[in-house]
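All remarks here apply to the structure that follows.
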Amino acid sequence: MNEEKLNEKEAGKPPVSFIEQIIIDDLKAGKNNGRIHTRFPPEPNGYLHIGHAKAICLDFGMALKYGGKCNLRFDDTNPVKEEIEYIDSIKEDIRWLGFDWEDREYYASDYFGKLFDFAVDLIKRGLAYVDDQPAGVISEQKGSPTRPGIESPYRNRSVEENLDLFIRMNKGEFEEGSRVLRAKIDMTSPNMHMRDPIIYRIIKEPHHRTGDKWKVYPMYDFAHGQCDYFEGITHSLCTLEFEVHRPLYDWFIDQLRTDEYRPRQIEFNRLNLTYTIMSKRRLLELVREGRVSGWDDPRMPTLCGLRRRGYTPESIRKFIDLIGYTKYEAINDVTLLEHAVRDDLNLRAPRVFAVLNPVKVIITNYPESQTENVELINNPEDESMGSRKVPFSREIYIEEEDFMEDPPSKFFRLSPGKEVRLKGAYIIKCNGLKKDPSTGRIEEIYCTYDPATKSGEHQADRKVKATLHWVSVKEAVDAEIRLYDRLFNHEDPAGQKDRDYREFLNPDSLKLLRNCKVEPSLKSAKPLDKFQFQRLGYFCVDYDSTEGHLVFNKTVGLKDTWAKISK
RNA sequence: UGCUCCGUGGUGUAACUGGCAACACGUCUGACUCUGGAUCAGAAAAGUCCAGGUUCGAGCCCUGGCGGAGCAACCA
């Protein structure tokens, strides 16, 4: 072990991914004049999800860390699938995540002219031809992974004829699907993508940016690498499924480049999460079929959904940092994502009292008309967050779950004859209850309090087994609270043969609680404000919330040891 | 039955040009606690897909297997 390694270990330097290692090596070798330039290339046909966040963190993160730049480039080569409405949401989500492309907002459609010229150039060099065959025939001639393809009868047309045809394709003289432009490479290549790939097709639908200027549009493979080249991208990072496209990417770059510079495509593993689907197509189905309330439903793995759920950008970045970038197609445990939010919110979320399923407690020896304001620490993890006053009185709500008439031995909350501490207030003892005779449901719990045990005072340090949160009845504010659970009840809902992922939709993924009581300080809480409801979990104010009608979303529960014991 | 990529605790990652398999999450103890949270201390858990080979020494190099994924859209 050499000294450098020792030093690194002692400094606790986090390991770098194989991609970061390549960047470091390239920098060291002075490649591309020491430039680092990446790009994030979303297709504007859906909302960004946490899988995209993994790519964004890499693309922008590497540029940031190594003094480079990262472009935002919308991959808008297919006017029939793409819509302008997605562009704004994509930009908003990237900014929210904490990244900035400055003035470098580009569109593949910005390069349609250059791409067209390049196609013309390939035709002139005998490296591209117009094929008049229908899709089915072209596909048939392409062969299969185990069977080589055969050449198209149009493969050896003259340059003049190809040129004439291609230009007329773009003028709209031919029907969609009647002709395509193909690169002339190798129909017998073991790599399917090299078997004379289609590079231009006729589409007569207007494009959201270029209108009806073009009647032919480049395919992904003919646009992506060249756009990288035009923008001076050095490291073009994408997911593993593009691995087999790389020879084609390089082939086009070889036809295009004029000096040493060339962008390099590197592939990494995409993000898979347990109990989650990540395909844009399926997420769109959930939205269209009304199985969720929209792209930003808090159960969705979209960035806007996670945001509404109460996730912070920091927690998402932390999570992505944790899972790393490799070439192994991994399935990440959602609990790691949940851990990342808890970890982040623990430090920043103010603690408050909220009772989800209220049951009334009457403190029989507490003066009827009295209310006192007890002081509570806002966040034990961060003294600078200060404290607040919360009203306490004779009648309070506690959590239904915090009382058991017949408790097992491990249960140390309130039960007849037992004492608990009301956090920030007094120790109380239960000595009676009232039940609804017809349902058996507990309506009221009667307790006495010990005035000498007020928090912070001399004799207050008597030990009791449990501390409960509570809300004073008189001052309680009503709230609606939406409890979320995973959207699917199968670890891999999309990966089951012969089973549709919708079969695994969790019927209990949303539970609405309309009779919740929260402390009065929450009255003016604004959408996206985050709190820890003491002993329950982290909650975030929903967009639907108003001052007269508070609505909270459960982000994630606290670790719950009792839940394990009671199983 | 072609090409490409990948196989390290339960999960995700680490181990520089071979040198005591490490970290995080999770799990289990215990301490502390006015959150059954947080924190702290500790434990269990892989011998690196298999079989050979090279080597003083292999997760890493070589050979051969096995297993998984991707690739046959006028999608990206």
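Remember, it's a predicted structure, so these values are computed and weren't measured experimentally. Throughout, protein chains are lettered first and strands after them, A, B, ... in sequence-line order, and every chain is numbered starting at 1.
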Open item on the list: Less than 6.0 angstrom separating the ring centers of A:Phe353 and A:Trp470, yes or no?
Closed with: yes

Task: Near-ring test A:Phe488/A:Tyr275, centroid separation under 6.0 angstrom - done: no

Could you give the [atom1]-to-[atom2] distance, from [X] to [N], as a whole number of Å?
| X | N | atom1 | atom2 | value |
| --- | --- | --- | --- | --- |
| A:Lys28 | B:C16 | NZ | P | 14 Å |
| A:Lys559 | B:G37 | NZ | P | 8 Å |
| A:Lys327 | B:G12 | NZ | C1' | 18 Å |
| A:Leu337 | B:A24 | CG | P | 19 Å |

Nearest to the [X] side chain among [options], which nucleotide is it?
| X | options | value |
| --- | --- | --- |
| A:Ala330 | B:C5, B:G36, B:G12 | B:G12 |
| A:Thr467 | B:U11, B:G36, B:U27 | B:G36 |
| A:Lys564 | B:G37, B:C25, B:U27 | B:U27 |

Please set out all donor-acceptor pairs under 3.5 angstrom arising from side-chain atoms of residues 326-337 of chain A, sequence neighbours excluded.
residue  : atom : partner  : partner atom : Å
A:Thr326 : OG1  : A:Asn269 : ND2          : 3.1
A:Thr326 : OG1  : A:Tyr328 : N            : 3.0
A:Thr326 : OG1  : A:Tyr328 : O            : 3.4
A:Lys327 : NZ   : A:Glu243 : OE2          : 2.8
A:Glu329 : OE2  : A:Asn272 : ND2          : 2.8
A:Asn332 : ND2  : A:Asn272 : O            : 3.3
A:Asp333 : OD1  : A:Thr335 : N            : 3.1
A:Asp333 : OD1  : A:Thr335 : OG1          : 3.0

Open item on the list: Test of understanding: with ring pair (Phe, Tyr, Trp, His ring centres under 6.0 Å), list the residues that count as partners of A:Phe242, not counting sequence neighbours.
Closed with: A:Tyr220, A:His245

Nearest-angstrom distance, [atom1] atom, [N] to [M]:
| N | M | atom1 | result |
| --- | --- | --- | --- |
| B:U39 | B:A24 | P | 12 Å |
| B:G26 | B:G64 | P | 43 Å |
| B:C61 | B:C5 | P | 14 Å |
| B:G9 | B:A22 | P | 14 Å |

What is the nucleic acid contact for [X], judged by heavy atoms within less than 4.0 Å: base, sugar-phosphate only, or nothing?
| X | answer |
| --- | --- |
| A:Lys465 | nothing |
| A:Pro380 | base |
| A:Lys280 | nothing |
| A:Gly424 | base |
| A:Arg413 | base |

Open item on the list: Looking at B:U13, I'd like to know if its phosphate oxygens (OP1 or OP2) sit under 4.0 Å from a side-chain N or O belonging to A:Thr326.
Closed with: yes

Task: B:G12 glycosidic torsion: syn (within 90° of 0) vs anti - done: anti

Open item on the list: By the salt bridge (charged side-chain N to carboxylate O under 4.0 Å, His left out) test, which pairs, at least two apart or in different chains, include something from residues 272-283 of chain A?
Closed with: A:Arg281-A:Glu285

Task: Audit row: A:Asp450, A:Lys429, salt bridge (Lys or Arg N to Asp or Glu O under 4.0 Å) steps and yes/no - done: CA-CA 8 Å; A:Asp450 180 349; A:Lys429 183 178 190 173; over 6 Å; no

When you compare the protein's N or O atoms with those of nucleotides 40-48 of chain B, which come within less than 3.5 Å of each other, and at what distance?
none

Open item on the list: Using only modelled atom types and a 3.5 angstrom limit, is any donor from either the side chain of A:Gln532 or the base of B:U35 paired with an acceptor on the other?
Closed with: yes

Open item on the list: Does the protein touch nucleotides 68-76 of chain B at the base, only the backbone, or not at all? Give it as B, S and - per nucleotide, heavy atoms under 4.0 Å.
Closed with: --BSBSBBB

Task: Base-pairing string, 5' to 3', of RNA chain B - Watson-Crick or wobble, under 3.5 Å, | interstrand - done: .((((((..((((.....[..)))).(((((.......))))).....(((((..]....))))))))))).....

